[in-house]
Amino acid sequence: MFDIGFWELVVISVIGLVVLGPERLPVAIRTVSRMVKTVRDTANAVKTELSQELKMEELHRDLKKAEQLGMKDLSPELQQSIDQLKDAAASVNRPYEKRPDQDADNTANTEPRKPSE
């Protein structure tokens, strides 16, 4: 990223020692290293998010191609994209699916009670 050699680091360290003094120099180094780490983590997060968005855009483009071809005679890449989209849709729908035994329990609990005479 920066083309800083050993001697440049030595000069920066000496200047920092003279300007800040031996008491404040370690605190300044820690602060700068935290800022660099924060910037690096933010850049990695942005890079990851962009790659996910590009992958989603590619899947969307493949889906449009597949729709134009009528979902027949698809290339292996298109078929793989379709399968990935189906798996993603199935994983989203799974938490909301009801089991048949739950429906029976819900109807039994929702029937109005008759007042006893």
Side-chain angles (χ1 to χ4, degrees):
M1 188 158 100
F2 298 110
D3 192 22
I4 298 177
F6 175 73
W7 292 111
E8 285 90 358
L9 287 175
V10 169
V11 169
I12 291 171
S13 299
V14 169
I15 292 173
L17 186 61
V18 169
V19 171
L20 296 175
E23 296 86 25
R24 292 186 288 175
L25 184 63
V27 175
I29 291 173
R30 274 188 238 118
T31 304
V32 169
S33 66
R34 281 189 203 130
M35 289 171 49
V36 168
K37 183 178 185 284
T38 303
V39 168
R40 188 178 301 147
D41 290 344
T42 304
N44 286 336
V46 168
K47 188 188 317 181
T48 302
E49 189 172 331
L50 283 175
S51 68
Q52 288 176 349
E53 288 294 323
L54 289 173
K55 184 177 179 182
M56 290 300 295
E57 181 65 30
E58 181 182 350
L59 287 173
H60 186 68
R61 195 173 337 114
D62 288 346
L63 182 62
K64 284 194 177 224
K65 278 184 191 177
E67 286 176 352
Q68 290 173 354
L69 293 174
M71 303 295 274
K72 297 175 184 171
D73 300 326
L74 299 176
S75 67
E77 296 87 18
L78 286 176
Q79 188 61 45
Q80 184 180 10
S81 294
I82 298 293
D83 293 340
Q84 287 177 352
L85 287 171
K86 286 180 182 177
D87 291 343
S91 68
V92 169
N93 288 334
R94 279 188 199 120
Y96 300 108
E97 290 178 351
K98 289 185 178 180
R99 294 188 316 241
D101 59 332
Q102 283 181 337
D103 290 338
D105 291 341
N106 288 341
T107 57
N109 292 335
T110 58
E111 291 179 8
R113 292 186 179 184
K114 295 181 182 178
S116 58
E117 294 181 24

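- If you take CZ on R61 and CG on L54, they are separated by 9.0 Å, rounding to the nearest 0.5 Å.
- Distance check, rounded to the nearest 0.5 Å: CZ of R30 to CG of L25 gives 10.0 Å.
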Please determine whether side-chain contact (heavy atoms from CB on, under 4.5 Å) holds for the pair K47 and L50, giving the CA-CA distance in whole Å, both sets of side-chain angles, and the decisive distance to 0.1 Å. CA-CA 5 Å; K47 188 188 317 181; L50 283 175; 5.9 Å; no

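- Side-chain contact check for M35 versus T38: every heavy-atom pair is 4.5 Å or farther apart.
- K37 pairs by the salt bridge (charged side-chain N to carboxylate O under 4.0 Å, His left out) definition with D41, not counting sequence neighbours.
- Under the 4.5 Å side-chain heavy-atom criterion for Ile, Leu, Val, Met, Phe, Trp and Tyr, V32 and I15 are members of distinct hydrophobic clusters.
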Please lay out, stage by stage, how M56 and Q52 fare under the test side-chain contact (heavy atoms from CB on, under 4.5 Å). CA-CA 6 Å; M56 290 300 295; Q52 288 176 349; 5.5 Å; no

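- For the pair A28 and L20, the tightest heavy-atom approach, listed with the atom from each and the gap, is CB-CD1, 3.5 Å.
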